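Everything numeric in this text was worked out from a predicted model, so none of it was measured. Just so we're on the same page: letters track the sequence lines, and every chain starts at 1. Just so you know, these numbers use all the heavy atoms, side chains as well, and skip hydrogens, waters and symmetry mates.
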There are 2 protein chains.
Amino acid sequence: MKKLPRKTITRVLLYIRTLEALAKEKRFLVSSKQLSEITGLSDVKIRKDISNFKKIGKPRVGYKTLDLKRTLENYLLQNNVVHLALFGVGNLGSAILSYPGFHQNKIKLVAAFDIDRRKIGKTINGVKIYPVERAPEIIKKYHADIGIIAVPKEHCQEVADYMVLSGLSRILNFAPYSVSVPAKVQVRSIDFTIKILSLFCDAHK
Amino acid sequence: MKKLPRKTITRVLLYIRTLEALAKEKRFLVSSKQLSEITGLSDVKIRKDISNFKKIGKPRVGYKTLDLKRTLENYLLQNNVVHLALFGVGNLGSAILSYPGFHQNKIKLVAAFDIDRRKIGKTINGVKIYPVERAPEIIKKYHADIGIIAVPKEHCQEVADYMVLSGLSRILNFAPYSVSVPAKVQVRSIDFTIKILSLFCDAHK
DNA sequence: TTTTAATCGTTCATAATTTCACGATTGATA
DNA sequence: TATCAATCGTGAAATTATGAACGATTAAAA
């Protein structure tokens with residue numbers, strides 16, 4: 001199967017989440033039309049996304065919730081659990097450590113790092129806080145896949161550099177600042193300010 | 001001038017932020033090439049985005065940082081300050097209340113709402129926490145533009161409904177769940193889980 | 001003054017994404 | 001059994017976004 005575009009991957013992950021919720025409500029059959037109403041995406045787009053995998057739907061009936069979920073997950077995640085390492089245990093970092101969405105499955109926070117001596121050694125939600133100097137060692141030990149930047153923007157570039165040095169090749173940056181990294185490293189950003197202003201401007205014009 | 005696509009708006013907001021940072025470092029001239037290196041976007045795309053506004057660059061020189069910033073801001077933001085209302089003062093909500101990125105300019109948190117009696121009446125970072133029942137009144141009083149959902153996913157739909165009822169027509173949803181709203185209301189989501197898994201899958205394949 | 005090199009703005013071509021249109025399949029109904 | 005309505009899967013068309021190419025302009029250097 002060919003590599004899927006990132007946008008498709010994002011949508012498929014949304015389908016997985018939606019199917020999970022449907023299964024919990026004991027809705028074991030679902031049509032592209034219904035998924036469309038829940039997610040706000042068009043039904044054709046949903047069918048086309050799903051058709052990347054295999055013919056699994058039945059005309060007149062729809063998809064079996066659990067079969068579809070399993071098929072999508074098998075392709076995208078293959079039972080992997082993503083290991084996260086968090087850099088920065090301030091307000092935002094602490095919220096991420098306590099984020100209930102991670103504690104169900106698929107994502108596991110394996111370690112947190114900070115420079116504040118008062119925080120080091122503590123455990124939040126089962127995750128231990130280490131001094132940032134130990135990042136290379138700890139990241140190898142726990143096989144962290146993705147590093148999260150949750151430090152003040154003044155420090156985000158140096159933290160990013162250190163993450164790369166520690167062996168991380170995927171970074172999610174919460175700081176409102178662009179970081180430069182070697183080409184082999186992937187960075188994505190979650191920037192609250194830009195998200196909010198974009199919603200404002202887009203609706204405004 | 002024609003309405004800009006959302007993707008363009010998002011990029012332009014990134015330029016504005018970048019130009020701000022450059023000005024702080026006293027770099028008062030910048031070329032599309034340099035902006036490209038900082039942001040990771042291609043220089044052609046940057047020039048094309050900028051050309052939506054007016055001819056403001058000089059060949060061989062680049063753009064005047066402050067002029068360009070002013071031009072982009074004038075078009076997109078027009079000196080508006082975006083007023084936010086936060087729903088849910090848990091871990092994530094508290095982090096948002098303390099988020100330093102907002103306290104500079106352009107975005108102002110005007111009120112927070114919660115159902116927990118122990119939180120109501122408190123002030124975090126200058127923002128008062130009200131009982132959620134008072135949302136319609138407070139939102140009108142402070143002219144909130146955008147509502148933020150930071151409640152557990154089990155409650156996000158009811159909160160969204162109540163936001164719409166209170167007069168909000170733009171919602172930023174941090175809960176990992178799709179919410180349905182009337183067509184005139186715009187919802188965007190920031191979903192940590194999907195962001196992380198998408199980064200994982202995309203790099204993985 | 002002329003030449004040179006950097007950089008802008010724009011056109012055109014390419015690629016990616018979304019939407020449309022429709023045939024095929026299925027379960028329910030007459 | 002034959003018909004009907006719902007829904008899937010998909011090829012083609014339309015739209016949107018990206019990238020390449022290049023002339024035009026400018027400041028600096030020769």
Practice problem: Scan A/I56 against the nucleic acid and name what it touches under 4.0 Å (heavy atoms): base, sugar-phosphate only, or nothing. | Solution: sugar-phosphate
Quiz item: Of all nucleotides in DNA chain C with an atom under 4.0 Å from a non-hydrogen atom of chain A, which is the first and which the last going 5' to 3'?
Solution: C/dT17 to C/dG27
Practice problem: Say whether, by atom type as modelled, one donor and one acceptor occur between the side chain of B/N125 and the main chain of B/V127 under 3.5 angstrom. | Solution: no
Quiz prompt | A/N74/A/F53 under side-chain contact (heavy atoms from CB on, under 4.5 Å): CA gap, chis, key distance, verdict | solution = CA-CA 10 Å; A/N74 274 353; A/F53 303 93; over 6 Å; no
Exercise. Go through the steps for B/F192 and A/F174 under the test ring pair (Phe, Tyr, Trp, His ring centres under 6.0 Å), then give the verdict.
Key: CA-CA 10 Å; B/F192 296 170; A/F174 279 90; 5.2 Å; yes
Quiz prompt | Residues B/L29, B/K64; criterion side-chain contact (heavy atoms from CB on, under 4.5 Å); working and verdict | solution = CA-CA 5 Å; B/L29 280 175; B/K64 286 189 185 169; 4.0 Å; yes
Quiz prompt | Nucleotide-resolved protein contact map, nucleotides 21-30 of chain D, B/S/- at heavy-atom distance under 4.0 Å | solution = ----BBB---
Quiz item: Should B/E73 and B/K69 count as an ion pair when the cut-off is N to O under 4.0 Å?
Solution: yes
Self-check item: Lys/Arg N to Asp/Glu carboxylate O, A/K45 vs A/D49, below 4.0 Å
Solution: no
Exercise. Check step by step if side-chain contact (heavy atoms from CB on, under 4.5 Å) holds for B/F200 and A/N80.
Key: CA-CA 10 Å; B/F200 180 76; A/N80 282 307; 3.9 Å; yes
Quiz prompt | Separation of atom CG in A/D43 from atom P in D/dA6, rounded to whole Å | solution = 14 Å
Quiz item: Would you say B/L14 and B/L41 make side-chain contact, with heavy atoms under 4.5 Å?
Solution: yes
At a cut-off of 3.5 Å, list every protein nitrogen or oxygen paired with a nitrogen or oxygen from nucleotides 13-18 of chain D, distance to 0.1 Å.
{"residue": "D/dT18", "atom": "OP2", "partner": "B/R11", "partner atom": "NH1", "Å": "3.2"}

